[in-house]
There are 2 protein chains.
Amino acid sequence: MKYNITDIAKLAGVSKATVSRVLNNSKPVSDEIRSRVLEVVKETNFKPSQLARSLSSKQTKLIGVIVPDISNPVFSQIINGIEVEAYKKGYNVLLCNSNNKEDTELNYLEVLLNKEIDGLIYNGFKITDNLKLKLKEFHVPVVMTGIGEEQSNFPVIKIDNFKAANDAVSFLIQKGHKKIGMIHGPVNDPLSGKLRLEGYYQALKDNNLEVEKNFIQEGNYKISSGYKSMTNILSLVEKPTAIFCANDEMAIGAIKCIIDHGYKVPNDYSIIGFDNIELSEIYSPSLTTISQSFYNEGESAMRVIISMLNKDKHIPKEIVHDHKLIERETVKKI
Amino acid sequence: MKYNITDIAKLAGVSKATVSRVLNNSKPVSDEIRSRVLEVVKETNFKPSQLARSLSSKQTKLIGVIVPDISNPVFSQIINGIEVEAYKKGYNVLLCNSNNKEDTELNYLEVLLNKEIDGLIYNGFKITDNLKLKLKEFHVPVVMTGIGEEQSNFPVIKIDNFKAANDAVSFLIQKGHKKIGMIHGPVNDPLSGKLRLEGYYQALKDNNLEVEKNFIQEGNYKISSGYKSMTNILSLVEKPTAIFCANDEMAIGAIKCIIDHGYKVPNDYSIIGFDNIELSEIYSPSLTTISQSFYNEGESAMRVIISMLNKDKHIPKEIVHDHKLIERETVKKI
DNA sequence: CTGTTAGCGCCTTCAA
DNA sequence: TTGAAGGCGCTAACAG
């Protein structure tokens, strides 16, 4: 049997209002009545309907989360951080996987709008006009992770992508490499795409190294695109000795490509990645890369959403997390 | 401004009921009134509250999904299948990641109960008594994927694990291997754990090969446990020439371990995995394994839930998907 | 075909 | 401290 608040009230011989007060600790209730109500609640295993509660309280305790690719370990870690933090604070996550398709993403945004979520955490690679338009319809807090734009009004959780890319390339230079290529992400992705590429340029410039256009390839963060970009690089007459990849997956793809062509990493080519996904440690050879804590970023995103929900005074415009270089086996001193 | 159905009714000069009928196509409405209502809906950009709708219609259009590990590619593929199918049918997924912790799982089940989901898809490794108890409280359809038990009343989506394991081991035997080890999963996992182990035994038996207890190690499906189990095997005086791993991650761990000990795959040891996750193709050497389509399994799970929701006559007790052996680089003929 | 009237289950004034 | 009553926004049964 499924009980409702009226049943409980009757069984306890009190009014619905009193039951509600006991359940929510919203108003003082005498100890005697309180325990009587709790007794009945326990006996009947009564669970108040979140639905009805949401309808009258105007909050769903649901946070929408949009990710472009749930099978990408980067996002599953972010989600994990979001989820654990949400759970702690009594929120739940409505997860939407856009599969890298803009229209799926817009559809989901529409769904989330109808579901009357309390807040939205947006993860993605690029911010399109349609997206901006849609986001305007949300009258709830929105936070972005790993992506953002100058004029955005939404708080952003990120790392210093420019600096991190610069660190990676500087490390290669310090290891004696002078001909350094890069496989970067889409440049319409303002953070991981554009800034990492700029960090690369800056490091070359700071060390008076020339930019060789052919050494620079654009990928889409997938393993396969790393493979393909590396194929292009290997077909050059003059080749780089080291390649900086804007994420670990492209780095793995590049390594696989190098191996398939009969060369060795790092003996023939040095590779440095970005993100430090689990695979980078397990791959053989294990990948030298830039590490960032996606879990913590997810956590931060959720915290910011909650403080916005609480109408806290100080809402950060952005939160910049740390990164560090993890040296493993794919970069050789020359 | 946020409109509600009453506003729309007033603006269109009709009753709320009529607006509702237009929006849901639930009852005939004259063309003229219909278009007048739709006009207003468009102008106001009105979105009916799912919340209120759910409260009065007694369905939330929400399907709860429990997974033990969202960063495990197996589950992210299943989720993908579930999600795409759900979306097609107008449902949404409330995803809960238990992180392999039983109490987190039980907590989430409780949350889902309160959220009044329309159905539940359970993914996990083992079915505990607490879980069974909790599941009893659900008065909505429940489907399981990749797990199940004899006496369960819930439909199960799976592959023929016994046959698949048998195929894998038979393949090794056919390649000339006689000393074959196995790294299996927890045996209290009735499908992937127990049945894959039994398939292994059966293949040995069918070929009159002896079971060598030391060749058999138990892992927990993680890369690290494959590594550890392989360490044990390598420490034996007499070693197997091939190892069947109950999933790809343990297989990768085992390979990494072999390489770290200065041996080669498949020259010194042959390895066969199970699941055909993306990594198995990318790893170097690429992994020979048993492939199954997790995406399709997720899709099936959602379809079964929906037909249960529709109270279809014929609800399958179980759906068995195909598997196949993918030969790559980790098994050598001897 | 359309409108009126009750709920759905809970929370929250307002009075007592 | 407690109860009665109204309302959240929508659907559905019942009239007309």
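Chain naming here is simple, since letters A, B, ... match the order of the sequence lines and numbering starts at 1 in each. The basis for the numbers below is simple: all heavy atoms, side chains too, and nothing from hydrogens, waters or symmetry mates. Quantities reported herein were computed from a predicted structural model and do not represent experimental measurements.
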Take the protein atom [atom1] of [X] and the nucleotide atom [atom2] of [N], then report the distance between them rounded to whole Å.
X         : N       : atom1 : atom2 : answer
Lys115(A) : dG9(D)  : NZ    : C1'   : 15 Å
Leu55(A)  : dG6(D)  : CG    : P     : 18 Å
Asn4(B)   : dG9(D)  : CG    : P     : 5 Å
Lys27(A)  : dC11(C) : NZ    : P     : 13 Å
Arg36(B)  : dT2(C)  : CZ    : P     : 9 Å
Lys16(B)  : dC8(D)  : NZ    : P     : 9 Å
Asn24(A)  : dT13(C) : CG    : P     : 13 Å
Arg34(B)  : dG3(C)  : CZ    : C1'   : 17 Å

Consider the side chain of [X], meaning its heavy atoms from C-beta on, and name the nucleotide among [options] that approaches it most closely.
X        : options                  : value
Ala52(A) : dG9(D), dT13(C), dG9(C)  : dG9(C)
Ile33(A) : dG3(D), dT2(D), dC10(D)  : dT2(D)
Ile5(A)  : dC1(C), dG9(D), dC11(C)  : dC11(C)
Thr18(A) : dT2(C), dT12(C), dT2(D)  : dT2(D)
Pro48(B) : dT2(C), dC10(C), dC10(D) : dC10(D)

Thinking salt bridges, do [X] and [Y] make one under a 4.0 Å N-O criterion?
X         : Y         : answer
Lys134(B) : Glu105(B) : no
Glu116(B) : Lys47(A)  : no
Glu297(B) : Lys158(B) : no
Arg36(A)  : Glu32(A)  : yes
Asp69(A)  : Lys101(A) : no
Lys88(B)  : Glu85(B)  : yes

Does [N] have OP1 or OP2 sitting under 4.0 Å from an N or O in the side chain of [X]?
X        : N       : value
Ser20(B) : dT11(D) : yes
Ser49(A) : dG9(C)  : no
Lys47(A) : dG9(C)  : no
Ser54(B) : dC10(D) : no
Ser56(A) : dC10(C) : no
Lys2(B)  : dG9(D)  : no

With a 4.0 Å cut-off on heavy atoms, is [X] in touch with a base, just the backbone sugar-phosphate, or nothing at all?
X        : value
Val19(B) : nothing
Lys58(B) : sugar-phosphate
Tyr3(B)  : nothing

Of Glu116(B) and Arg21(B), the one whose closest DNA chain C nucleotide lies more 5':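 Its nearest nucleotide lies further toward 5', so the answer is Arg21(B).
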
Beyond-backbone contact of Asn100(A) with Lys222(A), side-chain heavy atoms, under 4.5 angstrom: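 In short, these two side chains touch, coming nearer than 4.5 Å.
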
side-chain hydrogen bond (donor to acceptor under 3.5 Å, both in side chains) between Glu102(B) and Thr128(B), intermediate numbers included: CA-CA 9 Å; Glu102(B) 191 184 350; Thr128(B) 62; 2.9 Å; yes

Upstream residue (5' side of DNA chain D) when Gly13(A) and Leu51(B) are each assigned their closest nucleotide: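 Closest to the 5' end, via its nearest nucleotide, is Gly13(A).
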
Between Ser300(A) and His321(A): side-chain donor-acceptor atoms closer than 3.5 Å: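 The answer is yes; a qualifying pair exists.
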
Overall bend - the helix from dC1(C)-dG16(D) to dA16(C)-dT1(D), comparing terminal axes fitted on five pairs, nearest 10 degrees: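 Nearest ten degrees gives 40° for this helix.
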
